[in-house]
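Note sheet for the following structure.
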Amino acid sequence: MKKLFTGIVVFSIVLLGSSFTSNAQVVVKVRPHKARVHHAKPINTKPHHTWVNAHWRWNKHTRGYVWVKGRYIKNRRGHSYTQGYWVSVPKRGHIWKPGHWNRF
């Protein structure tokens, strides 16, 4: 009975711990690559859409960078879009801050 109780407690801790760490930022030691030579924002803009710049994104599964092409996303009423960017974390590495919508 004691082993069963201990097993349930350990399982609960692991389950709860994994749900908290899934939202954590990944800090990468390797500096992001320079931007690829890519086509700039298309001249023909889409009405009611915002351009998201192309960027390198860290893939934690492959432990490498993945190139994400620029694209248009549909505007959200009452919001403005902030482009994603890399932040240098002293003595640790770099964190990608994804683009997001801000309410006016």
Side-chain angles (χ1 to χ4, degrees):
M1 186 70 174
K2 187 174 180 181
K3 285 185 179 182
L4 177 63
F5 178 75
T6 304
I8 291 172
V9 169
V10 170
F11 177 76
S12 300
I13 291 171
V14 169
L15 185 64
L16 288 173
S18 66
S19 66
F20 290 122
T21 58
S22 64
N23 294 331
Q25 286 285 338
V26 175
V27 178
V28 293
K29 301 269 184 202
V30 181
R31 185 175 178 84
H33 303 291
K34 290 185 179 180
R36 275 186 177 177
V37 175
H38 64 281
H39 299 290
K41 176 178 165 182
I43 294 172
N44 298 335
T45 61
K46 288 186 173 184
H48 310 291
H49 284 73
T50 297
W51 179 255
V52 176
N53 292 331
H55 59 277
W56 287 105
R57 180 180 54 81
W58 181 258
N59 184 321
K60 64 183 177 182
H61 301 293
T62 62
R63 294 182 180 218
Y65 290 98
V66 177
W67 182 250
V68 179
K69 293 181 180 180
R71 66 195 184 285
Y72 279 103
I73 56 174
K74 192 169 174 92
N75 289 344
R76 291 179 59 183
R77 179 175 283 185
H79 291 77
S80 64
Y81 187 77
T82 299
Q83 297 286 342
Y85 56 95
W86 283 97
V87 175
S88 179
V89 181
K91 299 182 182 180
R92 290 184 60 207
H94 306 275
I95 296 176
W96 173 251
K97 297 288 188 177
H100 58 277
W101 292 99
N102 300 305
R103 188 175 286 281
F104 291 147

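These numbers come from a predicted model, not from an experiment.
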Spacing of Trp58 atom CH2 and Arg63 atom CZ [to the nearest 0.5 Å]: 8.0 Å
Shortest non-hydrogen contact between Ser88 and His94, atoms and distance: CA-ND1, 3.8 Å
message: Please report the interatomic distance CD1(Ile73) to NZ(Lys46), rounded to the nearest 0.5 Å.
response: 11.5 Å
- prompt: Hey, is NE2 on His100 packed in by over 12 heavy atoms from elsewhere, all under 6.0 Å?
  reply: yes
query: How are the rings of Trp96 and His55 set relative to one another: parallel (under 30°), tilted (30 to 60°) or perpendicular (over 60°)?
result: parallel
field: Closest non-hydrogen atom pair, Trp101 against Lys74
entry: CZ2-O, 3.4 Å
message: Let me confirm one number: the OH-CZ distance from Tyr65 to Arg57, rounded to the nearest 0.5 Å.
response: 12.0 Å
Heavy atoms from other residues, nucleotides or ligands near OH of Tyr85 exceed 12 (cutoff 6.0 Å): no
field: Distance-minimising heavy-atom pair for Gly70 and Ala54
entry: N-CB, 3.4 Å
field: Distance-minimising heavy-atom pair for His49 and Tyr72
entry: CB-CD2, 3.8 Å
task: Measure the spacing between CG of Asn53 and OH of Tyr81 and express it to the nearest 0.5 Å.
output: 8.5 Å
